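Some notes on the structure that comes next.
Given the structure is predicted, the values throughout are model-derived calculations rather than measurements.
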Amino acid sequence: MSSNTNAPAESSTPAKALSDAELDRLLNREASAIQRELEVDRILSAFKLNPYDILDLETSAKADDIKKKYRQLSLFIHPDKCSHERAPDAFDVLKKAESELSDTGKREELDAAINQARSILLKGLSLPTSTPDDHPKLKGLTPPFKAQLRQKSKDLLIEEELRRRRAVKMNLANEGFEARKKEEEVTAKKRKAEDDAKWEETREQRVGSWRTFTNTSKKKKKEKAAVLG
């Protein structure tokens, strides 16, 4: 009698192959994640004194363009959607840039610096300051005119920021000097008030001493007169 032991056959369920549509969605998600991280790096490496660079906008951008671009980028790199560890930092930088371009005064100062840089470059090329960007003489330059303008604007903005910081430092120093001067005046007045108070406190004592001295002198004179008389 033969015993026939049949081992249970191993059943393996083959992995379900991804459909083309599912594969496309997966690749798109990964590509989007990479793009988000690259955008975070771009924002963080942008020149911080030029909000146009941070938002990747032209200086001709209108207020609506600024708001629209900010909304697009802020949603794209939002820390809730982007795994980059510095996404929160980039988000803050983005918000600050949008705030500065939305401030009329700050934007005018920024535009003035960029226009000054443009004028310097055009004068260096013996061109009028009204020369448009598509002028033939501005094409084929090395480095390109746009790159030169960005660098010159950067230089001027850095100079302006250094002047601003020096002014702030000087104001703080002056405020410190004035504060010390005022403190010294207050201390001097306080000391004088204390001296006056002490003088008043010892007034009766001084008057009593003077009266005693006067009476003693008179008594001595009387005694001397009596001896001589």
Side-chain heavy atoms of E160 within contact of D155, under 4.5 Å: no
Hey, what do you get for OG (S119) to NZ (K152), rounding to the nearest 0.5 Å? 12.0 Å
How long is the gap from CD on E161 to CZ on R166, to the nearest 0.5 Å? 10.5 Å
What is the distance from atom OG1 of T104 to atom CD of E109, rounded to the nearest 0.5 Å? 11.5 Å
Single-linkage hydrophobic cluster L38~L94, side-chain heavy atoms < 4.5 angstrom: no
For the CZ atom on R86, are there more than 12 heavy atoms of other groups (residues, nucleotides or ligands in this structure) within a distance under 6.0 Å? no
Can you tell me how far the CE atom of M170 sits from the CZ atom of R165, to the nearest 0.5 Å? 15.5 Å
Below 4.0 angstrom, N of the basic side chain to O of the carboxylate: do E58 and K146 qualify? yes
Knowing that exactly one of D133, T129, T59 qualifies, which makes a side chain to side chain donor-acceptor pair (under 3.5 Å) with R118? D133
Quick one: are L138 and L122 in side-chain contact, heavy atoms under 4.5 Å? yes
Just verifying a value: how many Å separate E85 CD and E37 CD, rounded to the nearest 0.5 Å? 9.5 Å
Do we see a donor-acceptor contact under 3.5 Å between the side chains of S102 and E98? yes
Please name the pair of heavy atoms, one in I43 and one in K48, separated by the smallest distance, quoted to 0.1 Å. O-NZ, 3.8 Å
Between R36 and D41, does any side-chain N to carboxylate O distance fall below 4.0 Å? no
Could you check whether any side-chain heavy atom of R42 comes within less than 4.5 Å of a side-chain heavy atom of D56, counting everything from C-beta outward? yes
Which pairs, with at least one residue in residues 149-176 and sequence neighbours excluded, count as a ring pair (Phe, Tyr, Trp, His ring centres under 6.0 Å)? none
Is K154 close to N50 at the side-chain level, that is, under 4.5 Å between some pair of heavy atoms? no
If two hydrophobic side chains count as joined below 4.5 Å and joins carry through other members, does L75 share a cluster with L44? no
Please name the pair of heavy atoms, one in A63 and one in R107, separated by the smallest distance, quoted to 0.1 Å. N-NH1, 4.5 Å
In plain terms, say whether E100 and K96 are close enough for a salt bridge, that is, a side-chain N and a carboxylate O under 4.0 Å apart. yes
Suppose the criterion is ring pair (Phe, Tyr, Trp, His ring centres under 6.0 Å): which pairs have a residue in residues 40-89, not counting sequence neighbours? H78-F91
Measure across V40 and A90 and return the closest heavy-atom pair with its distance rounded to 0.1 Å. CG1-CB, 3.8 Å
Identify the heavy atoms of L49 and L110 that sit nearest to each other, and give their distance. O-CD1, 4.0 Å
Donor-acceptor pair, side chain of D65 and main chain of K62, under 3.5 angstrom: yes
When you group the ILVMFWY residues by side-chain heavy-atom contacts below 4.5 Å and let the links chain together, are L141 and L149 in the same group? yes
Hey, any chance F145 and L156 share a hydrophobic cluster, counting ILVMFWY side chains that come within less than 4.5 Å of each other, even indirectly? no
Nearest-0.5 Å distance, OG of residue S153 to CG of residue D53: 8.5 Å
I'd like to know if the side chain of T131 reaches the main chain of L127, judged simply by a donor and an acceptor atom lying under 3.5 Å from each other, with no hydrogens or angles considered. no
